[in-house]
Amino acid sequence: MRNIILFIRRFFILVVFFVLQGICIAILVRYNKTYEAVFANSATEITGRVDNQYNKVEYFFHLKKTNKQLSEENARLRNMLATNYIGPEVSTLHHLDTTFRDTTGKVRIFSWLPAKVVNNSFSEENNYLTLYRGEKQGVEKDMAVTGPDGIVGKVVLVSSNYCRVMSLLNRNSKVSAMLKKELYTGAVEWDGADPRFVTLKNIPKSAKVVKGDTVLTSNLSGNYPPGLMIGTVELVQSEQASNFYTMKVKTATNFFNLQYAYLIQNETWKEQKALEAQVTPK
Amino acid sequence: MSTLVKNIIRFILFLLVQALVLDKVPPLHQFVKPYLYFLYILWLPFNTPRIGLMFISFAFGLCMDYLSGTPGLHAAPCVLIAYLRPFLLNVLMPQEKTELSYGEPGIASIGFAPYSVYVVLLTFIHHAYLVLIEWLQFGDFLFFIGKVAATTAVSLLMIFVTEVLFYRKSRFRTNAA
């Protein structure tokens, strides 16, 4: 017993060193596996506040660009307004309604929530964003996030006023995508190299793809509404050994100056998950 | 200014500079990522107890992690260099007890050549370990080698600039003080 105590006293510093290293690795592994670090919630709240202050300054310098982006988006949305179209008969005029269930019997699936980006990284291997919207505003884990130009990522952590979003530029992110032209579905991933480009895989070689084709979210994308812009094909690589193309896709979202994003809630997501969980092998 | 206050201010300053300035620099290349924050640990005074040194570095690394978003990633290399620092200083320091007359490691206190060796070695170890942890998650050997080399070079350049810009007057600790 005495020897053990002597031993510990002698190597006390080394022991402390290993304990601290152990703690670090434990936090890291736990965080990466489950995205639920024990204190991440409160930590996000505090660093979110710092980021918010910083963003106030940064935001000012981006005002012009943000304005332009928003007005372009406004113009695009206005073009899509129902009142721009008139059907063959006036009685069948379309209406957009914000209630959960409208009188024509349509069920609302996706609802949108605007949010300010207060922190954004693009130079890491795994990038995350922080949005100034949280539980109090109805944000939940796994909600999809899209910017004014294209999709951004999905929510992985939520605190009461902030949420942390796993960006498309993250090695762990995977989004189902399709080509607008031929409806082939594939998966969009990021290889960690260039924040302007993501990789689209698993498009069979029977698809006719050329540079400049549009890539959209597919109806298999889970939380994303189908048909959201992801980007345009920049480079098509075909390997001899495989039956699939690998494509370099230029993201529609400019991650460098992202200021506003929309959180998208899939109202039927829980039901879908619950159903799918019943047949997933454990 | 007392050493404690000075180091607390440095703690905050290094964190803010890294998180708000250097992390916001648009990436030039996937290998190049400017890191400067760990210089804080290299600058801690000689007479910090070794246990204290490690706990300070752990806290410092963890704060850095929460500002950059991956808990544990920076804390681990910080603790490692804090653990290795005393050994290295023991070897590099001149035999007369300079640690009694100077406050902290610097060009003036241990000489240009030993100080460069000290900085280069610890920078390299820090980056190698940091990138190793990142690398274990993805696995690409070329990425590992390239990133360690490139980040070390960029860090060394920045440390050099910092040393020149913020010339630290190496206070001679006298008995009167």
Side-chain angles (χ1 to χ4, degrees), chain A residues 12-32 37-40 42-48 50-51 53-55 57-58 119-130 156-157 164-167 169-172 191-196 255-257, chain B residues 12 15-16 19-35 49-59 61-84 86-87 129-131 133-140 143 147:
Chain A
F12 184 60
I13 293 180
L14 192 66
V15 171
V16 170
F17 170 66
F18 279 118
V19 168
L20 287 181
Q21 283 288 321
I23 295 174
C24 297
I25 301 295
I27 297 175
L28 189 66
V29 168
R30 199 180 141 75
Y31 182 80
N32 276 344
V38 207
F39 22 69
S42 50
T44 313
E45 191 71 29
I46 296 166
T47 48
V50 177
D51 290 333
Q53 290 302 320
Y54 178 82
N55 183 263
V57 180
E58 200 190 21
N119 186 16
N120 180 13
S121 73
F122 36 76
S123 54
E124 310 277 338
E125 290 296 317
N126 283 326
N127 295 297
Y128 295 92
L129 300 96
T130 309
V156 289
L157 281 173
R164 199 96 171 111
V165 175
M166 180 163 86
S167 154
L169 308 179
N170 190 308
R171 296 251 198 174
N172 296 317
D191 55 1
D194 191 333
R196 286 172 304 165
F255 283 93
F256 298 102
N257 59 13
Chain B
I12 298 166
L15 280 182
L16 291 184
L20 301 184
V21 181
L22 295 179
D23 280 356
K24 305 283 175 187
V25 174
L28 296 170
H29 188 265
Q30 71 175 114
F31 288 161
V32 181
K33 173 107 214 290
Y35 283 115
R50 289 178 61 186
I51 297 286
L53 201 61
M54 274 195 283
F55 277 105
I56 293 171
S57 311
F58 181 67
L62 216 56
C63 289
M64 192 61 238
D65 286 330
Y66 278 117
L67 287 170
S68 65
T70 340
L73 186 66
H74 295 95
C78 282
V79 172
L80 180 70
I81 58 171
Y83 176 70
L84 293 176
F87 295 113
Y129 193 43
L130 182 72
V131 181
I133 298 179
E134 266 185 342
W135 174 58
L136 286 180
Q137 298 171 35
F138 321 122
D140 181 353
F143 169 78
K147 187 153 182 184

Part of A:Asp194 lying under 4.5 Å from any heavy atom of chain B: neither

Looking only at heavy atoms, the pair that brings B:Ile51 and A:Val16 closest together is CD1-CG2, 3.8 Å

Other residues, nucleotides, ligands: >12 heavy atoms within 6.0 Å of B:Arg50 CZ: yes

Is chain A contacted by the side chain of B:Leu16, its backbone, both, or neither, given a heavy-atom distance below 4.5 Å? neither

CG on B:Leu20 to CD on A:Glu58, rounded to 0.5 Å: 9.5 Å

Find the distance between CZ (A:Phe17) and CG (B:Leu53) and round it off to the nearest 0.5 Å. 12.0 Å

What part of A:Tyr54 gets closer than 4.5 Å to chain B, counting heavy atoms only: side chain, backbone, both or neither? side chain

Contact class of A:Ile23 relative to chain B, heavy atoms under 4.5 angstrom: side chain

Taken to the nearest 0.5 Å, the spacing of B:Leu73 CG from A:Ile27 CD1 works out to 11.5 Å

Structural part of A:Ile13 lying under 4.5 Å from a heavy atom of chain B: both

Taking only residues two or more places apart in sequence or in another chain, which ones pass ring-ring contact (aromatic ring centres under 6.0 Å, His included) with A:Phe122? A:Phe256

Contact winner vs chain A - B:Lys33, B:His74, B:Met54, heavy-atom pairs under 4.5 Å: B:Met54

Does A:Ala193 have any side-chain contact (heavy atoms from CB on, under 4.5 Å) partners at least two apart in sequence or in another chain, and if so, which? A:Asp191, B:Gln30

Sort out for me which of A:Asn120, A:Asn127, A:Leu20 touches chain B most, counting heavy-atom pairs under 4.5 Å. A:Leu20

Could you state the interatomic distance from OG (B:Ser68) to CG (A:Asn119), rounded to the nearest 0.5 Å? 9.5 Å

